[in-house]
Amino acid sequence: MINLGYPCINLSLKSKGISTNRTIRLAGVKKHGEEAIGQIALCNVMDLYKILEWNRDNGITLFRLSSDIIPWGNKLGFRHLPQASDIIYWFELCGKLIKESNQRITTHPGPFNLLASPKEDVIRNTIADLEMHSEIFDLMNLSRTPYNKINIHVGASYGDKISAAKTWVTNFKRLSEGVRSRLTIENDDKASMFSVVDLHEMIHTEVGIPIVFDYHHHQFQTGGLSEEEALKLAVSTWPEGIVPTVHYSESKRLHENDMKVRAQAHSDFINGPINSYGLRLDVMLETKQKDLALLKFRKKLNESL
DNA sequence: ATAGGTCAAGCGAGG
DNA sequence: CCTCGCTTGACCTAT
């Protein structure tokens, strides 16, 4: 009862030069102007279309959109770029393909998105980043529900988890409806941060958004729950009719038997098994080998049937 | 052509 | 105090 997806980068196509992750340094923008950003963004969005076609042709219906698709988009936006109308056109085209091929698209803005930060600048950057993701999803006509989740962490506790959560909830209210209706929150991978229990008590009960369960992170912050208990608590926060999404990865340290590697680092491939405890889940595989790891694991699953 | 240093954003853990 | 890891490595310059 699990459906598999992969994040942001398609290595099968990257080897052919197809990517949504081209970017440009600030120095490059100063040298070549914002037109250069537009060029790169347009190439990225046109290649997104090719990746979506590849997903369709390979029977993959869960995919995470890269946050790098518009270089500097989180700071500068994209509607002012000379290529804006073409960029928008291609996003709309991607949206049509997504609908036709029944793909579920999600996104996971970076670890700099911190709604609990005591710094107003950090909050403002976070809001701008989240709003850009929502704007792109709107252009692709993706639902304003957690089916198309914009997923982040609380990501820090600033020495006081309870007051950090309060700050988070206060700042959540500054987000637009497009962000709030899609936002999900994921358990952290550090003991000082937020477990599924913490998120349930301090975030979900306050603002109602669903919890994304990450199997790997759970090992570093259990909140006193077993894997099954934590998964089921997270799943209980999802609205009726929307398949909950979870994240699955394995430790690079264990795969390579190298204790020098940090335990949180992700492996290239996964062995499984992924225990869904009988639940229907959309599983995002967070591996370094992306689509290649998905194809390999799916083959293994099919052969074991 | 490729390797290695550098780069836009925040935080905490580990050495 | 520096580096790594996370979301998600890619750019750029020097060899």
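Convention: sequence-line order gives letters A, B, ...; per-chain numbering from 1.
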Please report, rounded to the nearest Å, how far the [atom2] atom of [N] is from the [atom1] atom of [X].
X        : N      : atom1 : atom2 : result
A/Arg124 : B/dA9  : CZ    : C1'   : 15 Å
A/Asn10  : C/dG9  : CG    : P     : 14 Å
A/Trp168 : B/dG10 : CH2   : C1'   : 17 Å
A/Asp188 : B/dA13 : CG    : P     : 11 Å
A/Gln221 : B/dG12 : CD    : P     : 14 Å
A/Phe220 : B/dG14 : CZ    : C1'   : 13 Å
A/Ile123 : B/dG10 : CD1   : P     : 12 Å
A/Lys119 : B/dC11 : NZ    : C1'   : 9 Å

field: Sub-4.0 Å heavy-atom contacts from residues 63-80 of chain A onto DNA chain C, ordered by number
entry: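 Only A/Arg64, A/Ser67, A/Asp68 qualify.
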message: Any residue in residues 11-50 of chain A with a heavy atom nearer than 4.0 angstrom to DNA chain C? Just list them by number, or reply none.
response: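 Nucleic-acid contacts, sorted: A/Lys14, A/Asn21, A/Arg22, A/Thr23, A/Arg25.
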Salt bridge (charged side-chain N to carboxylate O under 4.0 Å, His left out) partners of residues 122-134 of chain A, not counting sequence neighbours, each pair once: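 Checked against salt bridge (charged side-chain N to carboxylate O under 4.0 Å, His left out) - neighbours excluded - the pairs reaching residues 122-134 of chain A are A/Glu120-A/Arg124, A/Asp121-A/Arg124.
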query: Does A/Lys232 have any salt bridge (Lys or Arg N to Asp or Glu O under 4.0 Å) partners at least two apart in sequence or in another chain, and if so, which?
result: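 Expected list: A/Glu228.
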- prompt: For A/Lys50, what residues pass the salt bridge (Lys or Arg N to Asp or Glu O under 4.0 Å) criterion, not counting sequence neighbours?
  reply: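 Here the qualifying residues are A/Asp47.
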If you measure from the [atom1] atom in [N] to the same atom in [M], how many Å do you get, rounded?
N     : M     : atom1 : value
C/dT7 : B/dA8 : P     : 23 Å
B/dC7 : C/dC4 : C1'   : 16 Å
B/dT6 : C/dT3 : P     : 10 Å

If you count heavy atoms of other groups shown closer than 6.0 angstrom to [atom1] of [X], is the number above 12?
X        : atom1 : value
A/Arg280 : CZ    : no
A/Tyr89  : OH    : no
A/Lys296 : NZ    : no

query: Pairing of DNA chain B as dot-bracket, 5' to 3': ( ) intra-strand, [ ] crossing, | other strand, . unpaired, with Watson-Crick or G-U pairs under 3.5 Å?
result: |||||||..||||||
Please enumerate all protein N or O atoms sitting under 3.5 Å from an N or O of nucleotides 1-5 of chain C, with distances to 0.1 Å.
none

- request: Given ring-ring contact (aromatic ring centres under 6.0 Å, His included), test A/Phe213 with A/His217 step by step and report yes or no.
  value: CA-CA 8 Å; A/Phe213 179 68; A/His217 295 170; 9.5 Å; no
- request: Ignoring backbone atoms, establish whether A/His217 has a side-chain N or O less than 4.0 Å from OP1 or OP2 of C/dT7.
  value: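 It does, given that an N or O in the side chain of A/His217 lies less than 4.0 Å from OP1 or OP2 of C/dT7.
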- request: Could you label the plane-to-plane angle of the A/Phe78 and A/Phe91 rings as parallel, tilted or perpendicular, counting under 30° as parallel and over 60° as perpendicular?
  value: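 If you compare the ring of A/Phe78 with that of A/Phe91, the planes turn out tilted.
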Using links of under 4.5 Å between side-chain heavy atoms of ILVMFWY residues, direct or through other members, which residues join [X] in one cluster?
X        : result
A/Tyr147 : A/Val212, A/Trp238, A/Ile242
A/Val122 : A/Leu114, A/Tyr158
A/Met284 : A/Leu62
A/Leu292 : A/Ile9, A/Leu11, A/Phe269

- prompt: Is A/Lys96 salt-bridged to A/Glu92, going by a charged N under 4.0 Å from an acidic O?
  reply: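 Between A/Glu92 and A/Lys96 there is no salt bridge, as every charged N stays at least 4.0 Å from the carboxylate O atoms.
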query: Under a 4.0 Å N-O cut-off, is there an ion pair linking A/Asp160 with A/Lys166?
result: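 So A/Asp160 does not pair with A/Lys166 through a salt bridge.
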Would you say the side-chain atoms of [X] and [Y] include a donor-acceptor pair closer than 3.5 Å?
X        : Y        : value
A/His32  : A/Gln39  : no
A/Gln221 : A/Asp188 : no
A/Glu286 : A/His216 : no

message: Using the side-chain heavy atoms of A/Glu186, tell me which of these nucleotides is nearest: C/dT7, B/dA13, C/dG9.
response: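 Of the options given, the side chain of A/Glu186 lies nearest C/dT7.
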query: Considering only heavy atoms, which members of residues 140-161 of chain A lie under 4.0 Å from some atom of DNA chain B?
result: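 The stretch gives A/Ala156, A/Ser157, A/Tyr158 as the residues lying under 4.0 Å from the strand, ordered by number.
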